[in-house]
Amino acid sequence: PVQPDMKFVRSIHDGAGWSLRQADMFALGVLRGGAPHWEFKAAPGERIYCYTLLPGDVAAVGTSRGNVHLLHLEKKRLINTYSGQSGNIW
């Protein structure tokens, strides 16, 4: 396997009071201070493959349809969906 270095970092699931936990194949649980805050559900049939916290109460979620969903965690809303990848986002 590839070892992380300054060009490659692993996803961040916990930080700044937020935690991300995959609820099932199609839903991502968002916790704040360890308590449930929101559950993001992908479109029907769109499996969640990866996710990470980003600065500013934001998370990115990669899916089986080649989409990356950008979420605002505090506001419990989808900011944008970036599409164009022809395969899974791992």
Practice task
Please lay out, stage by stage, how K41 and F26 fare under the test side chain to side chain contact (heavy atoms under 4.5 Å, CB included).
Solution key: CA-CA 6 Å; K41 293 186 180 187; F26 309 101; over 6 Å; no
Problem - Audit row: Y82, L70, side chain to side chain contact (heavy atoms under 4.5 Å, CB included) steps and yes/no - result: CA-CA 8 Å; Y82 300 93; L70 198 61; 4.0 Å; yes
Handout entry: Test side chain to side chain contact (heavy atoms under 4.5 Å, CB included) applied to V58 and I79, step by step
Key = CA-CA 9 Å; V58 175; I79 297 169; 4.2 Å; yes
Handout entry: Steps toward salt bridge (Lys or Arg N to Asp or Glu O under 4.0 Å) verdict (E74, K76)
Key = CA-CA 6 Å; E74 177 63 35; K76 303 178 185 178; over 6 Å; no
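Within the structure, every pair that satisfies the salt bridge (Lys or Arg N to Asp or Glu O under 4.0 Å) test and touches residues 17-26, not counting sequence neighbours, is listed here: D14-R21.
Of all heavy-atom pairs between W38 and L78, the closest is CH2-N, 4.5 Å. The nearest pair of heavy atoms linking L20 to A59 is CD1-CB, 4.0 Å. Considering all non-hydrogen atoms of both residues, V61 and L28 come closest at CG2-CD2, 3.7 Å. Of all heavy-atom pairs between R65 and A43, the closest is NH1-CB, 3.8 Å. The two residues A60 and V68 come nearest to each other via the heavy atoms CB-CG1, 4.2 Å. Between S64 and N88, the shortest heavy-atom distance links the atoms O-OD1, 3.0 Å.
Aromatic ring centroids of H37 and W18 lie under 6.0 Å apart.
One finds the NE2 atom of H13 at 8.5 Å from the SG atom of C50 (value rounded to the nearest 0.5 Å). Taking OG1 of T81 as the start and CG of L71 as the end, the distance is 8.5 Å to the nearest 0.5 Å. Separation of atoms CZ (R32) and CG (L73) is listed at 9.0 Å; rounding is to 0.5 Å.
A donor atom on one side chain and an acceptor atom on the other are found under 3.5 Å apart for T63 and E46.
With hydrogens and angles ignored, the 3.5 Å screen pairs a side-chain donor or acceptor of Q22 with a backbone N or O of I48.
Residues Y51 and I12 share a hydrophobic cluster, clusters being chains of Ile/Leu/Val/Met/Phe/Trp/Tyr side chains in contact below 4.5 Å.
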